[in-house]
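What follows is a short report on a single structure.
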Number of protein chains: 4
Amino acid sequence: MRNEIGVGIIGTGFMGKAHAFAYGSVASYFPESAVPVLQVVADVNEAAARQAQEQFGFRRATADWRDLVNDPAVAIVSITAPNALHREIALAAAQAGKHIHCEKPLAPDAAAARDMVEAATAAGVVTQAGFNYLQNPLIRLARDMIAAGELGEITSFRGIHAEDYMADPEASWTWRLDPAGGGGAIADLGSHAIAMARFLLGDITHVNADLETAIASRPAASGVSERRAVEVDDIARLTLRFARGCGGHIEANWVATGRKMHLAFEVAGSKGALVFTQERFNELHFYRAGGDARQAGFTRIEAGPQHEPYGRFCVAPGHQLGFNDLKVIEVAAFLRAIAGDGAAAGPDFREAWEIQKVIDAALRSSAGRSWQAVS
Amino acid sequence: MRNEIGVGIIGTGFMGKAHAFAYGSVASYFPESAVPVLQVVADVNEAAARQAQEQFGFRRATADWRDLVNDPAVAIVSITAPNALHREIALAAAQAGKHIHCEKPLAPDAAAARDMVEAATAAGVVTQAGFNYLQNPLIRLARDMIAAGELGEITSFRGIHAEDYMADPEASWTWRLDPAGGGGAIADLGSHAIAMARFLLGDITHVNADLETAIASRPAASGVSERRAVEVDDIARLTLRFARGCGGHIEANWVATGRKMHLAFEVAGSKGALVFTQERFNELHFYRAGGDARQAGFTRIEAGPQHEPYGRFCVAPGHQLGFNDLKVIEVAAFLRAIAGDGAAAGPDFREAWEIQKVIDAALRSSAGRSWQAVS
Amino acid sequence: MRNEIGVGIIGTGFMGKAHAFAYGSVASYFPESAVPVLQVVADVNEAAARQAQEQFGFRRATADWRDLVNDPAVAIVSITAPNALHREIALAAAQAGKHIHCEKPLAPDAAAARDMVEAATAAGVVTQAGFNYLQNPLIRLARDMIAAGELGEITSFRGIHAEDYMADPEASWTWRLDPAGGGGAIADLGSHAIAMARFLLGDITHVNADLETAIASRPAASGVSERRAVEVDDIARLTLRFARGCGGHIEANWVATGRKMHLAFEVAGSKGALVFTQERFNELHFYRAGGDARQAGFTRIEAGPQHEPYGRFCVAPGHQLGFNDLKVIEVAAFLRAIAGDGAAAGPDFREAWEIQKVIDAALRSSAGRSWQAVS
Amino acid sequence: MRNEIGVGIIGTGFMGKAHAFAYGSVASYFPESAVPVLQVVADVNEAAARQAQEQFGFRRATADWRDLVNDPAVAIVSITAPNALHREIALAAAQAGKHIHCEKPLAPDAAAARDMVEAATAAGVVTQAGFNYLQNPLIRLARDMIAAGELGEITSFRGIHAEDYMADPEASWTWRLDPAGGGGAIADLGSHAIAMARFLLGDITHVNADLETAIASRPAASGVSERRAVEVDDIARLTLRFARGCGGHIEANWVATGRKMHLAFEVAGSKGALVFTQERFNELHFYRAGGDARQAGFTRIEAGPQHEPYGRFCVAPGHQLGFNDLKVIEVAAFLRAIAGDGAAAGPDFREAWEIQKVIDAALRSSAGRSWQAVS
């Protein structure tokens with residue numbers, strides 16, 4: 001008989017559902033893992049909580065996240081509530097001895113993130129941050145190739161996370177536009193690009209950033225004529241220095257008309273290069289310097305069972321993982337970490353804190369028009 | 001409370017697992033559907049059956065598919081056993097009054113397929129054939145655009161299903177190479193391309209085919225030196241005539257080195273064209289004739305929530321469905337059909353029989369070196 | 001001092017201009033070649049001839065191609081007149097002892113092509129047929145790789161030449177639609193695809209073809225309401241057998257909405273595959289079987305100076321050749337052949353005759369609904 | 001009879017040849033233009049000059065550029081010598097009353113560029129700078145679309161010029177690595193990206209740059225073991241502010257392994273976006289916001305005769321221009337400007353000076369680690 005583990009999910013929106021899908025199906029894809037039992041779902045909107053209960057088969061629903069956190073049947077607390085609430089919930093969950101799975105960005109700022117790391121460490125619970133794009137088997141391949149020196153000495157990184165869901169100037173104000181709540185494109189999208197940069201190349205030491213609000217005001221709410229000023233960035237442009245010695249650039253942009261999911265990078269080194277975009281995330285493009293010049297070029301690697309854990313989902317190459325599968329892989333890694341496999345964890349809260357430090361440095365840099373050390 | 005419906009799955013290989021994933025998660029993606037309960041899994045290899053029971057949480061496992069078919073707790077029989085067994089199992093399932101979900105190709109020949117259609121019709125059960133690629137929201141869009149006349153009068157179809165899983169001459173003999181069992185590339189891959197052609201453009205009336213065995217013999221089994229002659233086709237090339245008046249071509253090829261999942265088509269009409277490949281199945285390329293010539297070109301449409309039922313999986317565009325999601329959509333349609341929504345069904349056994357007729361005509365054509373009517 | 005050689009060009013349309021561009025500039029790109037002197041241009045429309053004289057600097061213009069052919073200053077006769085005239089002009093040019101450069105297709109049928117080959121052979125003149133796409137350095141690379149066995153044993157060829165310049169049903173009748181003159185899509189476009197197939201893989205022995213007139217009638221002339229029946233094919237679909245043992249397929253289609261220059265092929269063998277389209281003709285995609293499975297995929301080879309004679313045009317890779325450059329390469333090869341380098345020649349009239357035999361076999365096959373030997 | 005105009009070209013390398021190709025063939029493509037007569041070629045290496053004379057048919061060759069500049073038969077002086085010589089030659093040419101065509105970057109710094117502008121203005125001669133990529137018909141289309149408001153209010157620009165011709169750490173020192181001569185990646189490649197940014201979006205007002213020498217030393221010459229320190233940048237990363245209000249980013253990188261000709265940009269606005277790379281420069285990708293969401297996406301526009309002056313080269317769309325054709329278009333524009341069509345000119349020296357100001361600001365910014373105004 002397989003072990004079971006109780007899960008509580010806070011939030012029922014885009015990410016709340018993605019977590020529910022993942023916890024609900026991970027046991028089928030990873031037969032060696034514990035079997036999550038969907039115990040409680042919480043949403044401040046109680047009707048939404050009840051609907052999620054019905055949809056996913058949670059044993060109960062609540063409007064009070066504290067009720068969920070304190071339920072003895074819950075061993076894992078999954079936080080998909082707005083960013084501004086992450087710290088408070090995580091601290092309560094740690095105190096209650098729960099393992100914590102929190103959506104990105106981890107917190108509104110590095111100080112809050114540090115609190116979360118310290119609380120989890122003190123409580124001895126396992127943590128996971130929802131940077132699901134890093135769970136892509138081809139991204140793991142990229143990291144492994146870089147680490148093995150297949151690209152030689154790295155000279156350059158260019159990272160982009162561009163989407164257009166805020167491109168319409170008449171799209172109304174949301175919590176994402178609250179500096180204390182969401183944090184702008186740099187927090188929402190830039191955190192992914194920074195996470196990718198760190199995942200592939202390690203520590204970022206210095207940042208020079210230019211954050212820009214492209215659309216100065218938006219309708220205060222859907223259907224109203226009153227407009228509200230926007231205080232967060234729509235576009236963030238970061239110039240970077242890595243501890244390993246190379247430089248780079250990141251753009252985070254949520255008014256990038258036409259782009260739906262363009263989390264992209266190009267890494268070049270003395271022996272090779274890698275090019276990737278999440279728009280076609282089952283492909284990784286690799287150039288190997290040297291060899292027969294007549295046949296040189298970027299090779300389009302297609303994901304297949306040779307790229308673990310793709311084979312858990314499909315034994316045939318080229319059939320492709322979907323977005324929700326990345327979340328399943330993330331949950332599987334978290335469950336492995338809880339089961340004691342330390343190498344499986346991550347990105348955990350500590351890593352998410354490091355990411356948040358880069359964001360904070362970028363905010364300081366843009367405000368001060370100067371280079372800032374990441375500290 | 002949601003209705004439940006008992007499911008039995010026969011076979012635990014690539015497709016057996018895909019069915020188990022789909023039945024196990026469909027209720028989360030489609031909250032209005034009945035909730036499948038995984039009752040029984042059957043595999044002639046009893047250990048495999050038990051392993052699947054453990055992995056997916058079936059209530060019991062058996063080595064005898066008849067046991068599964070006759071279990072009163074089972075309302076849906078899902079057949080993923082080798083092709084040669086489809087007819088016998090389906091007839092037993094129909095007799096037992098079960099709804100039947102059968103993998104493609106439906107049967108070794110049209111006569112067997114007809115028997116299956118007649119048995120299901122007589123029993124009044126709902127049927128579904130596993131042409132999962134047709135469940136892609138963008139393929140539905142393609143069909144709707146053609147039906148709405150957005151491509152004008154169709155002049156041409158070119159369909160390909162190319163993979164390379166049999167390209168290695170030292171890949172050993174399998175049941176797929178048994179004429180009575182698998183049926184060659186035309187049955188395994190060509191059936192998908194024919195299904196696509198019919199789905200988009202309707203009835204095929206005449207076929208002129210050239211079937212070819214590219215690798216004459218293969219190791220009789222893994223690791224043995226003895227070789228066994230191959231009697232089925234590795235490559236099938238079909239020239240087609242459609243009832244609507246246009247012509248086309250289909251290639252099915254399982255020795256297409258480098259191709260992993262190239263189910264592709266190009267449809268051209270007087271007003272537009274569509275280009276697709278399953279290699280990037282979250283994209284559909286559309287050319288609209290007329291308009292501003294300076295800006296004409298193929299538009300790369302990315303799948304998003306505007307393409308139902310993509311939004312069930314993800315509210316954000318461009319995030320992409322995976323292969324297993326297509327199977328979920330297939331299962332959801334089957335459950336809807338069982339619940340009485342006739343429009344949801346399909347491709348059902350009747351459609352799969354029509355596909356099989358085209359295959360049979362192609363086999364006759366290639367043997368006789370002549371055009372053959374599909375009948 | 002470099003040698004000079006007199007050139008006469010017959011025709012001033014699309015191809016007449018392309019020839020004039022090429023003969024006018026080849027000496028700069030190939031400094032070892034003779035320097036063509038544009039002596040005479042002929043066009044039945046004398047004003048057009050005079051305009052071309054002015055534009056390109058021909059020494060004189062004439063409305064009479066015989067006048068050009070018999071001019072002692074002319075050593076090379078370039079034929080870009082309509083297909084129906086090729087034979088007569090070529091025979092006169094051969095009789096006058098001129099080297100002959102003739103646009104494709106070489107002739108309306110194989111018999112006429114044979115006459116042209118025999119006349120040129122008897123006269124001892126050098127010939128060249130205008131299959132310019134074969135002059136692409138990357139196509140030479142493809143041929144060399146296949147010949148060197150880098151793809152292993154070839155199993156399959158798929159060739160396409162699709163354009164849409166006849167897709168509009170209201171596009172009026174032209175000489176291309178005259179069976180005796182142009183010859184339909186198979187002659188105009190199919191000849192390119194057949195030339196490519198032969199260039200890469202050698203002799204085609206058998207053909208099974210389906211030729212189709214998608215648009216039954218067209219305006220008899222621009223701006224008139226009277227319609228004229230179309231007697232040639234708009235779409236030709238050929239199933240092929242090669243002497244080397246493999247099979248293949250070719251589609252020629254001039255009503256392929258959205259396609260502008262889609263001369264494409266995919267060749268697969270036991271060890272590798274090549275994919276190409278003229279839409280991006282400075283790229284060739286190569287898959288090599290075996291090797292590290294984690295990094296397998298199609299490599300996008302970009303043309304560069306390592307692919308002779310790209311370096312004549314540009315010392316930097318990736319900068320790209322244009323369509324007119326292919327014609328320059330063709331002319332350079334012809335001049336080298338005239339200068340005595342037999343290996344440089346081709347495709348010559350003899351090769352073009354072989355191509356025409358395949359077309360003739362396809363016409364017989366389609367009319368007779370049967371396989372035909374190429375003879 | 002067409003007018004003739006005498007041309008002298010200084011330099012016989014990559015760009016010297018490109019100029020010779022262009023002046024030698026432009027009259028055929030643009031029949032309304034004057035006919036350039038290749039009068040003199042100059043190269044400090046006299047043998048190279050003689051070889052170029054022979055190759056291109058110049059009337060004479062010289063080792064002394066002053067000899068060329070002062071030749072009365074020369075009306076146009078084309079400067080393709082190393083950057084460090086541009087100013088001196090241009091001043092002499094202006095003084096001699098010659099029209100001046102100079103390769104990019106115009107000068108080692110803005111002061112030198114200003115001198116050149118002033119000299120040309122004082123002399124009343126027409127100037128042209130060799131930013132040939134701007135001559136691409138699709139780039140003209142992009143500019144026109146932006147100017148016409150088809151992209152709405154522009155929010156972002158991302159420009160890249162990445163190549164890998166300096167990526168090998170063992171590639172030896174060249175004049176390009178001399179700060180006074182070449183000027184690093186920002187001068188050689190960045191100038192193209194800046195030119196593109198200005199061409200599409202207008203004035204750049206502020207720059208924040210990080211210039212980096214990725215490879216600290218290189219062999220002092222080919223085949224020697226002694227190494228020489230590199231003082232110029234291999235990679236430049238610029239954050240920009242445009243006068244129109246939006247921001248942007250530019251990367252210039254000549255150690256970008258795998259990239260051969262990746263001059264690329266993405267421009268986004270409230271109503272649409274454009275994506276381009278010189279790697280496929282006969283294509284422009286356009287996204288139009290609004291419209292039918294089911295069919296939204298980037299449209300791949302292929303160059304054709306509807307994009308002037310493509311039709312000068314080929315009447316058929318999709319056949320593609322080559323790199324050398326862009327230079328022909330540049331020369332044609334220059335000849336038109338000399339003939340009095342002021343609108344045809346450009347980018348002229350004044351524009352090249354503006355580009356140089358941005359480079360200077362970037363150098364100051366990187367040295368001072370601060371934002372700099374372009375002035």
Side-chain angles (χ1 to χ4, degrees), chain A residues 1-2 13-15 17-18 20-33 35 38 51-57 132-133 163-165 258-263 277-283 300 302-304 310 312-328, chain B residues 1-2 13-15 17-18 20-33 35 38 51-57 132-133 163-165 258-263 277-283 300 302-304 310 312-328:
Chain A
M1 277 298 289
R2 298 169 67 177
F14 180 6
M15 277 302 128
K17 287 192 174 63
F21 292 142
Y23 281 103
S25 64
V26 65
S28 293
Y29 292 110
F30 292 82
E32 75 281 20
S33 87
V35 178
L38 299 182
Q51 189 174 21
Q53 178 188 6
E54 178 88 358
Q55 177 170 357
F56 297 102
N132 39 262
Y133 303 119
E163 303 196 15
D164 69 358
Y165 59 89
R259 294 297 190 176
K260 307 307 172 187
M261 186 56 247
H262 189 50
L263 170 59
T277 173
Q278 186 72 18
E279 288 184 343
R280 290 169 171 170
F281 76 84
N282 286 278
E283 302 177 13
R300 178 169 75 95
E302 286 183 277
Y310 175 103
R312 305 303 189 100
F313 297 85
C314 181
V315 297
H319 282 54
Q320 300 172 43
L321 301 182
F323 172 76
N324 287 325
D325 297 329
L326 300 181
K327 213 71 191 175
V328 172
Chain B
M1 277 297 290
R2 297 170 67 177
F14 181 5
M15 277 303 127
K17 287 191 175 62
F21 292 142
Y23 281 103
S25 65
V26 64
S28 294
Y29 292 110
F30 292 82
E32 75 280 20
S33 87
V35 178
L38 299 182
Q51 189 174 21
Q53 178 188 6
E54 180 88 357
Q55 177 169 357
F56 297 102
N132 38 263
Y133 303 118
E163 303 195 15
D164 70 359
Y165 59 90
R259 294 296 191 178
K260 307 306 173 188
M261 186 56 246
H262 189 48
L263 170 59
T277 171
Q278 186 71 19
E279 288 185 344
R280 289 169 170 170
F281 76 83
N282 285 277
E283 303 176 13
R300 178 168 74 96
E302 286 184 277
Y310 175 103
R312 304 302 189 101
F313 297 86
C314 182
V315 297
H319 283 54
Q320 298 171 44
L321 301 182
F323 171 75
N324 287 325
D325 296 330
L326 301 181
K327 212 70 191 176
V328 171

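Each chain gets a letter, A, B and so on, in the order the sequences are listed, and its residues count up from 1.
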Problem set entry | When A:E283, A:Q320, A:M261 are compared by non-hydrogen pairs under 4.5 Å with chain B, the top option |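 The residue among A:E283, A:Q320, A:M261 with the greatest pair count is A:Q320.
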How many angstroms lie between atom [atom1] of [X] and atom [atom2] of [Y], to the nearest 0.5 angstrom?
X: A:D325; Y: B:F21; atom1: CG; atom2: CZ; value: 9.0 Å
X: A:S33; Y: B:Q55; atom1: OG; atom2: CD; value: 10.0 Å
X: A:N324; Y: B:N324; atom1: CG; atom2: CG; value: 11.0 Å

For this session: Name all residues meeting the ring-ring contact (aromatic ring centres under 6.0 Å, His included) criterion together with A:Y23; count only those two or more places apart in sequence or in a different chain, and write none if there are none.
Result: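 Listed in chain order: A:H101.
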Problem set entry | B:F313: ring-ring contact (aromatic ring centres under 6.0 Å, His included) partners, not counting sequence neighbours |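 For B:F313 the ring-ring contact (aromatic ring centres under 6.0 Å, His included) partners, ignoring immediate neighbours, are B:Y29.
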For this session: Return yes if some donor-acceptor pair links the side-chain N/O of A:R2 with the main-chain N/O of B:E54 below 3.5 Å, else return no.
Result: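 Yes, because the side chain of A:R2 sits within donor-acceptor range (under 3.5 Å) of the backbone of B:E54.
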Exercise. Of the backbone (N, CA, C, O) and the side chain (C-beta and beyond), which part of B:E302 lies under 4.5 Å from a heavy atom of chain A, both, or neither?
Worked result: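 Contact with chain A: side chain only.
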For this session: Name the region of B:Y165, side chain, backbone, both or neither, that has any atom closer than 4.5 Å to a heavy atom of chain A.
Result: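 Neither; nothing under 4.5 Å.
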Exercise. Looking at B:H319 versus A:F14, is the centre-to-centre ring distance below 6.0 Å?
Worked result: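 For B:H319 and A:F14, the ring centres are under 6.0 Å apart.
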For this session: Measure A:E32 against the heavy atoms of chain B and call it side chain, backbone, both or neither at under 4.5 Å.
Result: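 No part of A:E32 comes within 4.5 Å of chain B.
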Exercise. Can we say A:R300 and B:E279 salt-bridge, meaning some charged N sits less than 4.0 Å from an Asp/Glu carboxylate O?
Worked result: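 Salt bridge between A:R300 and B:E279, a charged N being under 4.0 Å from a carboxylate O: yes.
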